[in-house]
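Below is one structure, written out as structure tokens; comments come after it.
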Amino acid sequence: MSEETKNVQEAAEIASQNEMEQIVSLKKGDTVKGTIVKIEDNQAYVSIGYKYDGVIPIRELSSVHLDNAADAVAVGQEVETKVVSIDDEKERLVLSKRAIDSENAWEELEKKFESGETFEVTVADVVKGGIVADVGVRGFIPASMVERHFVEDFSDYKGRMLRVKVKELDRENNKVILSQKDVLDEEFEANKLKLMGDLKEGQVLEGTVQRLTQFGAFVDVGGVDGLVHVSEIAWNHVDKPADVLSEGDKVKVKVLKVDPEKGKISLSIKAAQPGPWDTAAEQFHTGDIVSGEVRRLVNFGAFVEIAPGVEGLVHISQISHKHIGTPHEVLKEGQTVQVKVLDVNPSEKRVSLSIKETEEAPAPAPKSERPSKGSSVRKEDLGDNPNVSLSNQGLSITLGERFGDKLSKLK
């Protein structure tokens with residue numbers, strides 16, 4: 001036998017021996033690396049250098065439900081798997097990618113949980129109560145932890161990329177809770193502080209009404225919400241914000257106060273608009289007769305609103321032509337009245353009004369007539385009064401005639 005032939009035989013024996021050693025050493029539970037060589041709907045084939053290819057069933061490809069094996073792996077991809085079962089007689093080698101991914105995932109998830117790290121996941125499925133992502137194990141994101149706002153339907157979230165934090169971890173029960181809301185909340189607060197640092201009191205901005213409550217409206221001014229109290233919505237009285245505003249409305253607001261420590265911003269819609277007194281001088285002139293509503297009654301008069309935010313005083317002496325003790329005698333709050341403008345002073349926010357000057361003064365009462373000197377009085381008008389005497393000088397009644405008989409007895 002030639003030396004060359006001998007070397008070939010020895011090489012073949014070594015290769016055969018190595019192959020036999022690999023076959024013998026491959027057993028259930030072993031970890032092996034390989035390359036995806038073929039994908040079918042419900043499984044993927046992996047070449048691991050064994051005498052036949054291994055198979056990864058779709059349930060062993062991922063910790064979450066898959067519709068197709070191609071959703072988890074691609075041909076040519078290198079994967080690390082664990083031997084689930086081996087049957088050389090049937091040439092059946094079952095592998096699991098999920099088992100290795102799960103082992104590796106817990107260590108990574110524990111590190112992320114401790115550090116509070118933000119990482120990306122892809123939504124694999126939408127289930128009752130939330131959504132699911134494959135993070136080596138099944139990661140669940142409850143509906144309340146997906147967004148900062150309420151989401152009614154998550155059907156279009158499948159395949160979407162989310163940035164999450166590990167909210168809860170329980171390896172013993174194979175439980176992983178993730179949250180995107182925590183990430184969004186942190187970003188919102190950081191952005192809020194930055195924006196609040198840029199805001200200045202007195203600044204006028206455009207905002208969007210985000211939410212209405214009984215006590216006011218929350219308005220978004222560039223990514224941060226400020227409160228417009230109900231008293232700051234309009235110059236006229238507003239009972240409920242919903243009476244004059246709707247969510248989504250674009251409004252101009254003026255910054256009243258910024259409190260970074262409490263994270264609060266006070267805004268005003270009415271302060272961003274011309275005030276009623278700014279136009280009062282143009283709108284009202286001395287001598288004008290206008291309609292108004294009685295807003296308040298006080299002892300010295302009545303305050304009448306003649307325009308939203310513009311109240312004038314009708315002094316008690318200007319309420320009625322007849323004498324009154326209090327305004328309540330002739331007026332009531334909420335009553336509509338005609339008033340005459342007596343004086344307008346916008347700088348002092350004061351208007352003097354009169355009700356009585358819009359009404360015609362009543363005619364003076366007739367004076368009682370007295371008999372003139374020398375006028376005649378008929379006897380029948382006086383009757384048979386013995387104490388009354390008539391003369392051509394007029395009517396006279398003397399003490400002597402009235403009390404004469406009594407005076408004579410006193411002499």
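Sequential numbering from 1 along the given sequence is applied to the chain's residues.
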Checking the side chain of Ser102 only, and the main-chain atoms of Ala99 only, is there a donor and an acceptor separated by less than 3.5 Å? no
Near Asp170 CG, under 6.0 Å, is it more than 12 heavy atoms from other residues, nucleotides or ligands? yes
Working to the nearest 0.5 angstrom, can you tell me the gap between Phe140 CZ and Met145 CE? 9.0 Å
Taking side chain to side chain contact (heavy atoms under 4.5 Å, CB included) as the criterion, tell me which of Ser62, Pro57, Ser63 meets it with Arg59. Pro57
Pairwise distance CG(Asp30) to CD1(Ile86) - rounded to 0.5 angstrom: 8.5 Å
Contact check, side chains of Leu195 and Leu193, non-hydrogen atoms, under 4.5 Å: no
Do the side chains of Asp198 and Lys194 get close enough for a salt bridge, i.e. N-O under 4.0 angstrom? yes
Just one of Ile306, Leu313, Leu342 clears the side chain to side chain contact (heavy atoms under 4.5 Å, CB included) bar with Leu353, so which one? Ile306
Of all the heavy-atom pairs spanning Leu267 and Leu256, show the shortest one and how long it is. O-CD1, 3.8 Å
Quick check: do Lys165 and Glu186 have side-chain heavy atoms less than 4.5 Å from each other? yes
Non-hydrogen atoms of Thr35 and Glu78 that approach each other most closely: OG1-CG, 4.0 Å
Identify the two heavy atoms, one from Pro346 and one from Trp277, that lie closest to each other, and give their separation to 0.1 Å. CB-O, 3.7 Å
Given the rule in the side chain to side chain donor-acceptor pair (under 3.5 Å) test, do Glu147 and Tyr157 qualify, once you have shown the distances and angles that lead to the verdict? CA-CA 12 Å; Glu147 303 286 356; Tyr157 273 66; 2.8 Å; yes
Ignoring hydrogens and angles, tell me if any N or O in the side chain of Gln77 forms a donor-acceptor pair with the backbone of Ala74 under 3.5 Å. yes
Are any of the side-chain nitrogens in Arg296 or Glu311 under 4.0 Å away from the carboxylate oxygens of its partner? yes
Check whether any side-chain heavy atom of Lys252 sits under 4.5 Å from a side-chain heavy atom of Ile269, and report yes or no. no
Does the side chain of Tyr45 reach to within under 4.5 Å of the side chain of Ile39, using non-hydrogen atoms? no
For Asp71 and Asn68, run side chain to side chain donor-acceptor pair (under 3.5 Å): C-alpha distance rounded to whole Å, both residues' side-chain angles, the deciding distance at 0.1 Å, then the answer. CA-CA 6 Å; Asp71 293 337; Asn68 193 298; over 6 Å; no
Which heavy-atom pair separates Ala280 from Val344 by the least distance, and what is that distance? O-CG1, 4.4 Å
Are Phe303 and Leu297 side-chain neighbours, meaning at least one heavy-atom pair lies under 4.5 Å? no
With sequence neighbours left out, what residues match Lys181 under side-chain hydrogen bond (donor to acceptor under 3.5 Å, both in side chains)? Asp185
Looking at Glu329 and Thr326, would you say the former's side chain and the latter's main chain have a donor-acceptor pair under 3.5 Å? yes
Stepwise side chain to side chain contact (heavy atoms under 4.5 Å, CB included) check, Lys38 with Val75: CA-CA 6 Å; Lys38 186 173 69 171; Val75 173; 5.7 Å; no
In sequence, state the C-alpha distance, the side-chain angles, and the governing distance for Lys51 and Asp88, and then conclude on side chain to side chain contact (heavy atoms under 4.5 Å, CB included). CA-CA 9 Å; Lys51 59 184 178 180; Asp88 286 332; 3.8 Å; yes
In Å, rounded to the nearest 0.5 Å, how long is the span from CD1 of Ile100 to CD of Glu103? 5.0 Å
Note, Ser354 side chain near Val339 side chain (heavy atom, < 4.5 Å): no
Looking only at heavy atoms, which two atoms of Ile177 and Pro142 are closest? And how far apart? CG2-CD, 3.8 Å
Can you give each donor-acceptor pair under 3.5 Å made by side-chain atoms of residues 223-231, sequence neighbours left out, with the distance rounded to 0.1 Å?
unit_1	atom_1	unit_2	atom_2	d
His229	ND1	Ser231	N	3.1
His229	ND1	Ser231	OG	2.9

His149 atom NE2, neighbour heavy-atom count above 12 within 6.0 Å: yes
Shortest non-hydrogen contact between Ala272 and Val204, atoms and distance: CB-CG1, 4.2 Å
Between the main-chain N or O of Gly222 and the side-chain N or O of Asp220, is there a donor-acceptor pair closer than 3.5 Å? yes
Thr81 side-chain N/O to Val32 backbone N/O, donor-acceptor pair under 3.5 Å: yes
Taking the basic N atoms (NZ, or NE/NH1/NH2) and the acidic carboxylate oxygens, is any pair closer than 4.0 Å for Lys254 and Glu232? no
Check: Asp259 and Ile265 side chains under 4.5 Å, non-hydrogen atoms: no
List in chain and number order the residues that pass salt bridge (charged side-chain N to carboxylate O under 4.0 Å, His left out) with Lys167, two or more places apart in sequence or in another chain; answer none if no residue qualifies. Asp182
Does the pair Asp101/Arg98 count as a salt bridge with the N-to-O cut at 4.0 Å? no
Short question: side chain of Trp106, backbone of Arg171 - any donor-acceptor pair under 3.5 Å? no
Would Arg163 and Glu120 pass as an ion pair if we require N to O under 4.0 Å? no
Side chain to side chain contact (heavy atoms under 4.5 Å, CB included) evaluation trace for Leu95 with Leu93: CA-CA 7 Å; Leu95 305 171; Leu93 173 61; 4.0 Å; yes
Could you check whether any side-chain heavy atom of Val84 comes within less than 4.5 Å of a side-chain heavy atom of Lys28, counting everything from C-beta outward? no
State whether the number of non-hydrogen atoms from other residues, nucleotides or ligands found under 6.0 Å of Glu201 atom CD is greater than 12. yes
Polar side-chain atom of Gln335 near backbone of Lys332 as donor-acceptor pair, under 3.5 Å: yes
Short side-chain to backbone donor-acceptor contact, Glu305 and Gly309, under 3.5 Å: yes
Flag, side chain of Asp87 to backbone of Glu89, donor-acceptor distance under 3.5 Å: yes
Go through the steps for Val73 and Val79 under the test side chain to side chain contact (heavy atoms under 4.5 Å, CB included), then give the verdict. CA-CA 9 Å; Val73 291; Val79 293; 4.3 Å; yes
Please step through salt bridge (Lys or Arg N to Asp or Glu O under 4.0 Å) for the pair Asp67 and Lys158, ending with a clear verdict. CA-CA 12 Å; Asp67 294 324; Lys158 189 172 182 178; 3.3 Å; yes
Lys112/Glu108 salt bridge by N-O under 4.0 Å criterion: yes
Residues Lys250, Glu206: salt bridge by 4.0 Å N-O rule: no
Between Asp53 and Arg92, does any side-chain N to carboxylate O distance fall below 4.0 Å? no
What I want to find out is whether Asp156 reaches Arg160 closely enough, with some N-O distance under 4.0 Å, to be called a salt bridge. yes
Under a 3.5 Å distance rule, please check whether Glu117 uses its side chain to pair with a backbone N or O of Phe113 as donor and acceptor. no
Just how far is it from atom CG of Leu199 to atom NZ of Lys192, taken to the nearest 0.5 Å? 11.0 Å
Are there more than 12 heavy atoms of other residues, nucleotides or ligands under 6.0 Å from atom CZ of Arg211? no
